[in-house]
2 protein chains.
Amino acid sequence: MRADKRERLEAAGWRVGSAEEFLGLSPQEADYVQVKLALSLALRERRLQSELTQADLARLVQSSQSRIAKMEAGDPGVSVDLLMKSLLALGASPRDLARAIDSVPRRD
Amino acid sequence: MRADKRERLEAAGWRVGSAEEFLGLSPQEADYVQVKLALSLALRERRLQSELTQADLARLVQSSQSRIAKMEAGDPGVSVDLLMKSLLALGASPRDLARAIDSVPRRD
DNA sequence: GATCCTTATGCCCAATATGACATAAATACT
DNA sequence: AGTATTTATGTCATATTGGGCATAAGGATC
């Protein structure tokens, strides 16, 4: 965001900042969310790459379409365990998981 | 294991193979276990590096000493989520998590 | 706009993970 | 050897996550 735009917004009474600030997350909590998000995105990418529907993937990992949708949406009620297991079921290697997690932007 | 030893063992009726084979794990399940194990080890290393007892860490992450012990032991009843959250609480970055996971030996 | 396919969202309740506690086992220190 | 500290293991109630189902919402094709 450009500095002048930020100034205009703040002058108008808006609070400008990251989602973490807004939600009041600690740095660790923010990192955790980011990791889950990265795995979510990796899952969606892999599924589409494999040309599977969410229902297909659900069958593959013995879950349900709704769970897959929630996983890909980064729903808070989905565990990293399930994300990882699903990714592995799609043929991802531990190294692939590592790469996905490593794509999380560094904090400053 | 040396080939001749393996032969002697098998001649004597032993089945020789990896722990995964023995436990009847699929490759994906084996990878998942390996990832958890890698995080367990990383946790122990970091905790010791920080010169904290399990009880100290338990306070830090609002858990209990017994949970920490189970985490570090790679207990099946411990989630990757908890492992990650604990590592992050010890100051690990997402990149550190990625490195730990990437240390899992490749399957062949 | 009707039909089909896919994805999103909300709700059950069964299964699993959780912190807490007790206590055993291991390790360190004198 | 005895004691203190740390770690391991078992159990329990409570909380969270799980699959399954219904249904809404989006998107494509006709």
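The analysis underlying the following values was restricted to heavy atoms, covering all of them including side chains, and did not include hydrogens, waters or symmetry mates. To find a chain, count down the sequence lines: A is the first, B the second, and so on, and within it residues start at 1.
Remark: B:Asp102 does not engage A:Arg99 in a salt bridge, criterion side-chain N to carboxylate O under 4.0 Å. The pair A:Glu72-A:Arg47 meets the salt-bridge criterion, with a side-chain N (NZ, NE, NH1 or NH2) lying under 4.0 Å from an Asp/Glu carboxylate O. Under the 4.0 Å criterion applied to side-chain N and carboxylate O atoms, A:Asp56 and A:Arg59 are assigned as salt-bridge partners. Contact check on A:Asp75 versus A:Arg67 returns no salt bridge, with no Lys/Arg side-chain nitrogen under 4.0 Å from an Asp/Glu carboxylate oxygen.
Rounding to whole angstrom units, CG of residue B:Asp75 and P of D:dT9 are separated by 9 Å. Taking atom CD of residue A:Glu72 and atom P of nucleotide C:dT7, one finds them 7 Å apart after rounding to whole Å. Protein atom CD of B:Gln54 is 12 Å distant from nucleotide atom C1' of D:dT5, rounded to whole Å. Rounding to whole angstrom units, NZ of residue A:Lys36 and C1' of D:dT17 are separated by 10 Å. What separates CE of A:Met71 from P of D:dG20 is a distance of 12 Å, to the nearest Å. If you take CD of B:Gln62 and C1' of D:dA15, they are 15 Å apart, rounded to a whole angstrom. Spacing between atom CE of A:Met84 and atom P of D:dT17 amounts to 16 Å, rounded to whole angstrom units. Here C:dT6 presents its C1' atom at 14 Å from CD1 of A:Ile68, a figure rounded to the nearest Å.
Residue whose closest nucleotide on DNA chain D sits further toward the 5' end, between A:Val61 and A:Gln65: A:Val61. DNA chain D is contacted by both B:Leu48 and B:Lys85; B:Leu48 maps to the nucleotide lying nearer its 5′ end (nearest heavy atom per residue).
Taking the side chain of B:Ser66 as heavy atoms from C-beta on, and the options D:dG18, C:dA20, C:dT6, the nearest nucleotide is C:dA20. Nearest to the side-chain atoms of A:Lys70 among the listed nucleotides C:dT9, C:dT7, D:dT7 stands C:dT9. Counting only heavy atoms from C-beta on, A:Arg67 has its side chain closest to D:dG18 among D:dG18, C:dG19, D:dA8.
Regarding contacts with the backbone of D:dT16, every side-chain N or O of A:Ser79 stays at 4.0 angstrom or more from both OP1 and OP2. Residue A:Arg47 has a polar side-chain atom (N or O) positioned under 4.0 Å from OP1 or OP2 of C:dT7. Look at A:Arg59 and you won't find any side-chain N or O under 4.0 angstrom from OP1 or OP2 of D:dG19.
For A:Ser64 against D:dG19, no side-chain N or O and base N or O form a donor-acceptor pair under 3.5 Å.
In this structure the side chain of A:Leu60 reaches within 4.5 angstrom of the side chain of A:Leu90, judged on heavy atoms.
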